[in-house]
Enquirer: 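Sending over a structure as structure tokens; questions will come in a sec.
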Amino acid sequence: MDTAERTELVTRFTEEVVEVDEIEALFEERENPTAYIGYAPTGEMHIGHFTTMRKLADFIDAGLDVTVLVADLHAHLDDAKSPFELLEARSAYYEAAIVGMIEAAGADPDSVTFVRGTEYQLEEPYTLDLYRMLAETTLSRAKRAGSEVVRQSENPKLGGLVYTLMQALDVAALDADIAYGGIDQRGIYMLAREQLPDSGYDKPACVFAPLLSGLSGGKMSASEASSKVNLTDDDDAVEEKINGAYCPAGEVEDNGVLEYLRFLVFPVFEERGEQFVVERPEEYGGDLVYDDYEAVEEDFVSGELHPADLKPAAAAAISAVIAPVREQLLDNPELLEDAYPEKYA
RNA sequence: CCGCCCUUAGCUCAGACUGGUAGAGCAGUCGACUGUAGAUCGACUUGUCCCCCGUUCAAAUCGGGGAGGGCGGACCA
């Protein structure tokens with residue numbers, strides 16, 4: 001694979017890349033540049049995570065050495081979203097779910113390195129770097145960098161600011177050439193690009209995934225159950241949520257159903273060699289088969305494909321995509337019971 | 001250590017002065033209309049009024065104690 005192909009793999013289906021030149025340069029210089037993505041083990045993982053995760057398959061195919069950080073300390077630093085006592089259990093659950101998603105996306109989880117935050121964030125070199133950064137960063141700069149990531153409240157805690165600086169530092173600590181995450185992470189990684197060179201580290205390139213629209217229109221909200229599909233949702237639950245989704249005929253904007261197809265279903269189906277089939281009553285023209293997303297969107301915009309026909313097909317496809325992960329999680333019920341005792345135990 | 005403020009539906013809050021077993025908006029649920037959903041109408045649901053004790057025929061409301069949260073002051077050898 002040449003540099004152009006590898007770069008294309010790394011950058012496809014993304015929201016933004018900073019900068020493409022830098023990624024090309026990495027591939028020119030080295031056989032296996034490094035990339036990292038971090039997740040703070042807080043609430044249950046959902047389809048948004050899966051969409052972001054699917055991209056790791058592209059990274060691996062492109063020859064990147066991928067590290068996944070399970071940022072346990074971050075999960076508590078962000079307004080104590082995860083109680084301190086549950087960090088271990090939630091980290092275990094996240095790691096298992098992530099392995100499942102990578103597998104379901106058609107990649108080999110063994111080619112990914114998993115790291116816990118507490119494995120290195122309490123060591124002296126990291127701590128010293130952090131303290132130096134704390135001394136050099138203004139409150140307003142840190143607030144701005146983390147504003148899309150850290151929970152915003154009337155009474156913000158210091159932890160949210162430390163969280164932000166730690167994440168910037170993680171890029172260097174994990175020796176990542178490329179920082180990857182949802183576009184909401186942009187502020188933090190721009191801070192990293194700005195500050196890491198001052199501390200003697202390389203400036204990371206960044207790849208940002210799009211954030212999917214919520215099913216009820218507008219942004220996906222972690223706290224709104226009907227706005228997203230959970231990894232543990234069964235076929236019926238997925239169908240119910242997709243059927244209830246905001247999906248105006250012919251409109252692409254804010255259309256979560258189409259976005260799920262574009263960024264999750266089609267990439268995964270391509271990997272698995274499956275086709276997207278829309279079963280449709282003869283009355284409306286009979287069944288349709290699609291090999292790529294563009295054709296779906298074209299038919300949807302033209303009116304050829306009606307939302308009422310698309311929805312059941314999309315629901316079935318999404319179920320098929322998440323099924324392996326769901327089964328894996330249900331086979332190990334203690335993972336969820338330990339991680340979210342108030343809900344499952 | 002001292003003082004002041006806050007705590008009522010899933011969320012934001014009203015009600016407290018002048019005790020009479022609780023309300024609005026949003027959210028949610030269900031119908032109507034659409035070959036989906038949304039929008040729009042129509043209907044409906046929701047409570048340990050932070051906890052304990054007391055006063056009273058009667059306490060979200062008054063008194064005392066406590067918990068949690070916030071703000072300020074003081075202390076600064």
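Everything numeric in this text was worked out from a predicted model, so none of it was measured. Basis for what follows: all heavy atoms, side chains included, without hydrogens, waters or symmetry-related copies. Quick note on labels: first sequence line is chain A, next is B, and so on, each numbered from 1.
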Enquirer: Go ahead and name the base partner of B:U46; Watson-Crick or wobble counts if both distances stay under 3.5 Å, otherwise write none.
Expert: none
Enquirer: On RNA chain B, check which nucleotide each of A:Pro307 and A:Lys157 is closest to and give me the residue with the more 5' one.
Expert: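 Here A:Pro307 is the residue nearer the 5' end.
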Enquirer: Starting from P on B:G38, measure out to CD on A:Glu253 and report it in whole angstrom.
Expert: 19 Å
Enquirer: Is there a Watson-Crick or G-U wobble partner for B:U55 with both distances under 3.5 Å, and which nucleotide is it?
Expert: none
Enquirer: Pick the C1' atom in B:G15 and in B:A9, then give their distance to the nearest Å.
Expert: 14 Å
Enquirer: For nucleotides B:G3 and B:A16, find the distance between their C1' atoms and express it as a whole number of Å.
Expert: 23 Å
Enquirer: Please state the P separation for the pair B:G47 and B:G72 - nearest whole angstrom.
Expert: 38 Å
Enquirer: To the nearest angstrom, how far is A:Lys311 atom NZ from B:G35 atom P?
Expert: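 My rounded result for the distance is 15 Å.
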Enquirer: Applying side-chain contact (heavy atoms from CB on, under 4.5 Å), run through A:Tyr201 and A:Asp129 and close with a yes or a no.
Expert: CA-CA 11 Å; A:Tyr201 297 108; A:Asp129 276 341; 2.4 Å; yes
Enquirer: In the structure shown, which nucleotide is the Watson-Crick or G-U wobble counterpart of B:U7, with both distances under 3.5 Å?
Expert: B:A67
Enquirer: Is the side chain of A:Asn332 donor-acceptor paired with the backbone N or O of A:Glu334 at a distance under 3.5 Å, no angle test?
Expert: no
Enquirer: So, A:Glu148 versus A:Gln185: side-chain donor-acceptor pair below 3.5 Å or not?
Expert: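 A:Gln185 and A:Glu148 do not have a side-chain donor-acceptor pair below 3.5 Å.
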Enquirer: How close or far is atom P of B:U36 from atom CG of A:Asp254, stated in whole angstroms?
Expert: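 Value for this atom pair: 20 Å.
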Enquirer: Given atom CG of A:Asn255 and atom P of B:A39, what is their separation to the nearest angstrom?
Expert: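 Rounding to the nearest Å, CG of A:Asn255 and P of B:A39 are 15 Å apart.
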Enquirer: Report the base-pairing partner of B:U40 (Watson-Crick or G-U wobble, both distances below 3.5 angstrom), or none.
Expert: B:A32
Enquirer: Both A:Glu154 and A:Arg280 contact RNA chain B. Which one's nearest nucleotide lies toward the 5' end?
Expert: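 Of the two residues, A:Glu154 wins.
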Enquirer: On a whole-Å scale, what distance lies between the C1' atoms belonging to B:G25 and B:U61?
Expert: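 It works out to 23 Å between them.
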Enquirer: Can you check the distance between B:U48 and B:A60, where both ends of the measurement are the C1' atom (answer in whole Å)?
Expert: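 Looking at atom C1' only, B:U48 and B:A60 are 12 Å apart.
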Enquirer: Tell me the partner of B:A77, counting only Watson-Crick (N1-N3 plus N6-O4 or O6-N4) or G-U wobble (N1-O2 and O6-N3) with both under 3.5 Å; none if nothing fits.
Expert: none
Enquirer: Side chain of A:Tyr246: nearest nucleotide among B:A37, B:U36, B:G35?
Expert: B:A37
Enquirer: Using whole Å, report how far CD of A:Glu240 lies from P of B:G28.
Expert: 14 Å
Enquirer: Using the C1' atom in both, what is the distance from B:C1 to B:C57, to the nearest Å?
Expert: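 To the nearest whole Å, 45 Å.
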Enquirer: Is the closest side-chain donor-acceptor distance between A:Gln121 and A:Asp72 under 3.5 Å?
Expert: no
Enquirer: Could you work out which one of B:G35, B:G70, B:U36 sits closest to the side chain of A:Asn155?
Expert: B:G70
Enquirer: Nearest whole angstrom, please: distance from the P of B:A37 to the CG of A:Asp309.
Expert: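 The distance from CG of A:Asp309 to P of B:A37 comes to 13 Å, rounded to the nearest Å.
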Enquirer: Could you walk me through whether A:Ile60 and A:Asp108 pass side-chain contact (heavy atoms from CB on, under 4.5 Å), step by step?
Expert: CA-CA 8 Å; A:Ile60 292 165; A:Asp108 177 10; over 6 Å; no
Enquirer: B:G28 and B:G35: how far apart are their C1' atoms, nearest whole angstrom?
Expert: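 About 26 Å, rounded to a whole number of Å.
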Enquirer: Check the distance between B:A37's C1' and A:Leu215's CG and give it to me in whole angstrom.
Expert: 10 Å
Enquirer: Rounded to whole Å, how long is the line connecting atom CG of A:Asn243 with atom P of B:A37?
Expert: 6 Å
Enquirer: Expressed in whole Å, how much space separates the P atoms belonging to B:G19 and B:G42?
Expert: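 Approximately 39 Å lies between the P atom of B:G19 and that of B:G42.
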Enquirer: Just checking A:Tyr180 against A:Tyr36, ring centres under 6.0 Å apart?
Expert: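 No; A:Tyr36 has its ring centre 6.0 Å or more from that of A:Tyr180.
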